[in-house]
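Written below as structure tokens is the structure these notes are about.
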Number of protein chains: 2
Amino acid sequence: MVTIREVAKAAGVSVATASRALNGLSIVTAETRAKIEAAAAELNYVPHSGARSLTRRKTDAIGVILPDLFGEFFSEMIRGIDMAVHGAGKHLLLGNMHGSTEETVLAIKSMRGRVDGLLVMPPNSRAESLGDAATWQIPTVLLNAQPQNGDIPFVSVDNYSGARMVTEHLIDRGARKIVHISGPASNRDASERMQGYRDVLRERLSDTHPIILPGNFREDAGRNAAQLLLNRDFEFDAVFAANDMMAVDLMAELTRAGVRVGHDVLVAGFDDIPLARYISPQLTTVHSDITRLGSSAAMMLLRLLNGEALGADAGITISPTLAVRASTTGASA
Amino acid sequence: MVTIREVAKAAGVSVATASRALNGLSIVTAETRAKIEAAAAELNYVPHSGARSLTRRKTDAIGVILPDLFGEFFSEMIRGIDMAVHGAGKHLLLGNMHGSTEETVLAIKSMRGRVDGLLVMPPNSRAESLGDAATWQIPTVLLNAQPQNGDIPFVSVDNYSGARMVTEHLIDRGARKIVHISGPASNRDASERMQGYRDVLRERLSDTHPIILPGNFREDAGRNAAQLLLNRDFEFDAVFAANDMMAVDLMAELTRAGVRVGHDVLVAGFDDIPLARYISPQLTTVHSDITRLGSSAAMMLLRLLNGEALGADAGITISPTLAVRASTTGASA
DNA sequence: TTGAAAGCGCTACCAG
DNA sequence: CTGGTAGCGCTTTCAA
């Protein structure tokens, strides 16, 4: 591992000068610089970013902590983040996540000294259980979560109104017995979506009870729900799944059982993952522009790191839109 | 930012002792340790991993450099890598990629001092154009690429035999005029797949010429190819796309135009991305287990970092299998 | 068992 | 414009 010291020696200058030349600081004679660059090239010198960040107190990396890496939701998110971050010439450090709050806290801690800022998507609804921003001591933007103690910037989706939109839409399409497949109980997105569903039902279908099947945002929950619905001979004419992943597998299962989705039963999801357009019938869903969610959060963090004090817009709530497709209209593919 | 020095002072010990206690080195009295831990907790001390890696010459992070972040191929890959790496308690540093060889070289360089090892997926066929392993000076495993100068370990898929399998299968299913949609010209996977197609055609359908449409592994290429095929009134009864992404969009476009995929035209892809099973008809494709590809490479790197000299198995070539589905059998969904 | 001190590789300050 | 030098925060000999 050749260090800057060896380059300096080879070029016959001090390390200070070598450093300046290599970093493009203009206060170096053209010929000194040439000598240094030649030596660096000769020795195949590559700067040690770790050491550099220690002195500069700046790592040019930002950390991303996600609860999972499964499915298109997260990959789209990462892609969005990368888009914003790449423009700023920074690296992306993916934290070890896999779930629990404790692990997340650990992941956050292990990021200190490695990154300049953090993008954190809490595994469950209580962001503050991660310890508050003051504890982390590092600029942070929350992904898809709102801090109780409103002092951490965040970017999130308006789950509640999104859920309302789908539910209203299903009713408009004639559905009267709408089943909801929920997300994990502790998940904030999930509970907001459920609340939207409940409220619309109460307002517009006051004579019926909500029917809620437990889910977990994973595909198997979709399949299980389908089985449940099929076996129990439930009365239902529409299903609103708390996310697309579950909706997609639910649909597949229903179709397999001979149910004509879009006609016999309407199905809708939430998130608008790419897959939603590819399946047949295409899935009606709430379009949240996940990629943009990621890049917005990243840009916000970038501004934060730039010293900008983002006042009013320290919290962005993205309003989703309804993407109406064949799974609720019965239009032919 | 509280440092270990402050913790030591608060506990009334030297930084050396503090360091030892905090790192669980047993050569510390129980009571000294208690004092130190109390102080650390009190001050909310979090170790600075950057500084630590400088002295220990070990970062506990591995770098991943991919040419792109688009589509399920890469996300599955990252997921596979993460699975292996998480077990080892290491972080994942995603390099800035977005394409060109120069950018990739830069990305690799900027990883020095940040990571202990590298997983690199070269943007094009010539891995050695990245400068050889000796230049990087850092343990590296190549993803989905074989080095010319055989001294860098790698994990790759046997594209050639995979392509042969699909092509044979299409012929077995009765296809006689098989169109191939290729990947990027400079891409090694792409050219190997094309070669497999060519060879089988020559061997078994010597009276027909290969028909090759240019592609780029992106969905738009699939759509474009479909248009081309439809407009030109080509003679064709099967399409083998160099990856699933293109196959999927091609299929969608054909279906929209009234072509019955699986009957009028057989379609097959390569990779077996999750999406392949969800579309209708399900896509026949070459199953490469991308996730495993990623985790194998990561585990290989981990062993390398562990000082193990992986002799014979310094290069793994994963043999793909054929996943026959409705897009080439016409079986009902 | 503990402390002092020498770095890890680099940047930045202060003189010259 | 260039060189010496003091750290960045931490680990790790080497003595005590």
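Each chain gets a letter, A, B and so on, in the order the sequences are listed, and its residues count up from 1.
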When every nucleotide of nucleotides 8-16 of chain D is labelled 5' to 3' by its protein contacts under 4.0 Å (heavy atoms), B for base, S for sugar-phosphate only, - for none, what sequence of letters results?
-> BBBBBB---
With sequence neighbours left out, write down each residue that passes side-chain contact (heavy atoms from CB on, under 4.5 Å) with Asp289(B), or none if nothing qualifies.
-> His287(B), Thr291(B), Arg292(B)
Sorted by chain and residue number, the side-chain contact (heavy atoms from CB on, under 4.5 Å) partners of Leu293(A) (sequence neighbours excluded) come out as Met77(A), Asn144(A), Val155(A), Val157(A), Ile318(A)
Please name all residues satisfying side chain to side chain donor-acceptor pair (under 3.5 Å) with Ser296(B), sequence neighbours left out, ordered by chain then number.
-> none
Glu308(A) meets the salt bridge (Lys or Arg N to Asp or Glu O under 4.0 Å) criterion, sequence neighbours left out, with Arg303(A)
Residues which pass salt bridge (Lys or Arg N to Asp or Glu O under 4.0 Å) with Lys58(A), listed by chain and number, not counting sequence neighbours | Asp60(A)
When the rotation axes relating C1' atoms of four end pairs to the next four are compared across the helix from dT1(C)-dA16(D) to dG16(C)-dC1(D), five pairs an end, they differ to 10° by 40°
So, do Leu93(A) and Thr59(A) sit near enough that their side-chain heavy atoms are less than 4.5 Å apart?
-> no
Give the rounded distance in Å between these two atoms: CD1 of Ile27(A) and P of dG16(C).
-> 18 Å
When we call it a touch if two heavy atoms are under 4.0 Å apart, what does Thr32(A) touch: a base, just sugar-phosphate, or nothing?
-> sugar-phosphate
Using atom types as modelled, flag every donor-acceptor pair under 3.5 Å from a side chain in residues 1-15 of chain B to any protein atom, sequence neighbours excluded.
residue	atom	partner	partner atom	Å
Thr3(B)	OG1	Arg5(B)	N	3.1
Glu6(B)	OE2	Thr3(B)	N	3.3
Ser14(B)	OG	Ala16(B)	N	3.4
Ser14(B)	OG	Thr17(B)	N	3.2
Ser14(B)	OG	Thr17(B)	OG1	3.1

Only counting residues at least two apart or in another chain, list the ones meeting side chain to side chain donor-acceptor pair (under 3.5 Å) with Ser110(A).
-> His91(B)
